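Data first, discussion second: the structure below is written as structure tokens.
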Amino acid sequence: MSSDTTASATQSSRDDHDVELIDKGTRMRALMGSAVGSAVEWYGYFLYGTMASAIFGHLFFPSDDKFMETVLALASFSLAFLVRPIGGIFFSHIGDRIGRKKTLVMTLSLMGVSTAAMGLLPTHAQIGVWAGVLLTLLRLIQGLALGGEWGGGVLLAVEYSPRSKRGFYGAVPQTGALFGLALGNLTVTGLDALLSEEQFLSWGWRIPFLLSALLVLLGLWIRNKVDETPAFRKIKAERKEVKVPIVEIFKTQWPSVLKAIGAKFIETSTFFIFATFVVSYAIKLGYTRSEALTAVLVAAVIAIPCMLAIGALSDRVGRKTLYLIGTVLAVIYIVPYFWLVNLMNVPILVLSTVVGFGAIWSVYGALMGTFLAESFTADVRYTGISLGYQVGAALVGGTAPLIATALVGTTNNYPLIGIFIGFCAVVSFISVWFTRDRSGQVLD
């Protein structure tokens, strides 16, 4: 072994040893800061998706054609995905240059302000088309905030993790998305049960958005107690910050960016099919809003322990194998899922959504953060994972409910959704197949 190789191995061992020496309390604070902040961010983001599927078409984009109302509302939902890569590039630059923690405080504050402001907006009945314009503008701000949030939240967990538990730690911020989705659905479902239809459409829908202000304050308080990650402190100490991270990424690590984008296809497309599109689809079939939201809520709650278990399992068997298995299962299940939903049986709606969203999606959903974090070096990691994740989401995530709505149209030809998911699965399978599995290896 050469002296350079020996020195490199010694340094890697020392870096890994430093991370292993972090006390349990510090790790738990980092995990809590990652999970809670992520949950708050996703709460606001997914709340919009739920409302867009259920009532925003009527309130902000009214039309004589109910189908067009839904399409316009979901189009506004999709627009945020187009600016998420911009938010990812902007905030990840700050994260790689100035720090993960400072960036996460900024993104959480931005998400909180934009979400709470939605609860104060006048509707189309009050100010006409400007209502839809203002709502869409706030949605774009949400997209910018989440574009920068996800990468930092994942790194807060992964860069504090011991090597043998990196998959489990990386799954924790991913569950934050489910907590946010479940909390949003639970709030809407509760109000739907307590209020009349007239009260809910008049003012009740505003309450979940206004509540986000309190959640943001909680998230900021918790994150303020977390220090910068060990990986970033090491970069600062050795003065190895990259001047323009995105330029460095495209110079030296562009294949990893492409594979990250591809890996994201199956995760993001199926997530928004199960979590967003199915709400409007089920309501259109004849299920009540409460029944559709409850199915997604139950599946999201069950997905949380499933994701933690998958994350822990990946530390033993490897992340690549599990990701590929989950991708194949998603393709096999998607058409039978919609066949089951069409049976017009509420218990079957709930159970089938639990299988698809709670179990199958969890297989690759749990691994996304860790898998991408292991694909980039520490000096550009925030930029690399944010770019891959957000571009992938922009291409097929936000557009998934819109694409599914257009494919199904008024004929309920749901097998076409299977073709769309099949395409996403092929892209992800190839991307992951050619990605190196670094499970159990030193991160930096």
Side-chain angles (χ1 to χ4, degrees), residues 12 16 150-151 154-155 157-159 161-175 177-178 253 255-271 273-274 299 302-334 336-337 354-377 381 384-385 388-389 392-393 396-397 418 421-444:
S12 295
D16 191 46
W150 181 83
V154 166
L155 295 188
V158 171
E159 292 184 344
S161 67
R163 177 170 42 165
S164 61
K165 296 182 179 180
R166 200 154 62 223
F168 175 79
Y169 272 63
V172 171
Q174 291 295 87
T175 66
L178 295 174
Q253 299 178 48
S256 294
V257 173
L258 292 179
K259 286 182 280 190
I261 292 171
K264 178 68 176 168
F265 269 41
I266 190 64
E267 186 270 343
T268 193
S269 60
T270 51
F271 183 97
I273 291 295
F274 289 129
I302 291 176
I304 293 171
C306 288
M307 292 180 74
L308 296 177
I310 289 294
L313 181 62
S314 76
D315 287 318
R316 296 186 174 188
V317 304
R319 283 170 266 287
K320 181 175 178 177
T321 299
L322 289 175
Y323 208 109
L324 294 175
I325 291 173
T327 300
V328 173
L329 290 175
V331 177
I332 293 173
Y333 184 69
I334 193 67
Y337 169 69
V354 166
V355 173
F357 190 17
I360 295 175
W361 178 84
S362 295
V363 176
Y364 41 81
L367 308 178
M368 176 60 66
T370 310
F371 195 72
L372 296 194
E374 291 174 331
S375 300
F376 298 94
T377 57
R381 184 172 292 138
I385 69 172
Y389 186 93
V396 296
I421 296 301
F423 164 75
C424 293
V426 169
V427 173
S428 291
F429 194 94
I430 294 172
S431 300
V432 174
W433 181 269
F434 287 102
T435 300
R436 177 187 174 193
D437 192 340
R438 296 189 60 199
S439 305
Q441 298 180 14
V442 177
L443 187 60
D444 296 311

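Only a predicted model underlies this, so the values are computations on that prediction, with no experimental measurement involved.
- Here the shortest heavy-atom pairing between Asp437 and Lys320 reads OD2-N, 3.1 Å.
- Listed by first and then second residue, the side-chain hydrogen bond (donor to acceptor under 3.5 Å, both in side chains) pairs that reach into residues 258-268 are Lys264-Glu267, Lys264-Tyr389, sequence neighbours excluded.
- For Val317, the side-chain contact (heavy atoms from CB on, under 4.5 Å) criterion is met by Leu313, Leu322, not counting sequence neighbours.
- The line from CZ of Phe429 to CD1 of Ile325 is 9.5 Å long, rounded to the nearest 0.5 Å.
- Between Gly262 and Ser428, the shortest heavy-atom distance links the atoms O-OG, 2.7 Å.
- In this structure, Arg381 CZ and Ser256 OG are separated by 11.5 Å, a value rounded to the nearest 0.5 Å.
- For Phe168, there are no ring pair (Phe, Tyr, Trp, His ring centres under 6.0 Å) partners, not counting sequence neighbours.
- Shown here for Val427 and Ser431, the closest heavy-atom pair between the two residues is O-OG, 2.8 Å.
- In this structure, Arg316 has no side-chain hydrogen bond (donor to acceptor under 3.5 Å, both in side chains) partners at least two apart in sequence or on a different chain.
- Taking the side-chain contact (heavy atoms from CB on, under 4.5 Å) definition, one finds that Leu258 meets it with Trp254, sequence neighbours left out.
- Taking each heavy atom of Met307 and Thr175 in turn, the nearest pair found is CB-CG2, 4.0 Å.
- Here the shortest heavy-atom pairing between Ser314 and Gly167 reads OG-CA, 3.6 Å.
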Sequence neighbours left out, cut at 3.5 Å: what donor-acceptor pairs do the side chains of residues 327-334 make with other protein atoms?
residue	atom	partner	partner atom	Å
Thr327	OG1	Tyr323	O	2.9
Tyr333	OH	Ser352	O	2.6

Report all side-chain donor-acceptor pairs from residues 363-376 shorter than 3.5 Å, counting only partners two or more places apart or in another chain.
residue	atom	partner	partner atom	Å
Tyr364	OH	Thr270	OG1	2.8
Thr370	OG1	Arg166	O	3.3
Glu374	OE1	Arg319	NE	3.0
Glu374	OE2	Arg166	NE	2.9
Glu374	OE2	Arg166	NH2	2.9
Glu374	OE2	Arg319	NE	3.4
Glu374	OE2	Arg319	NH2	2.7
Ser375	OG	Phe371	O	2.9

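- Across every non-hydrogen atom of Gly311 and Ala171, the tightest pair is CA-CB, 4.1 Å.
- The structure places CH2 of Trp361 at 11.5 Å from OG of Ser269, a figure rounded to the nearest 0.5 Å.
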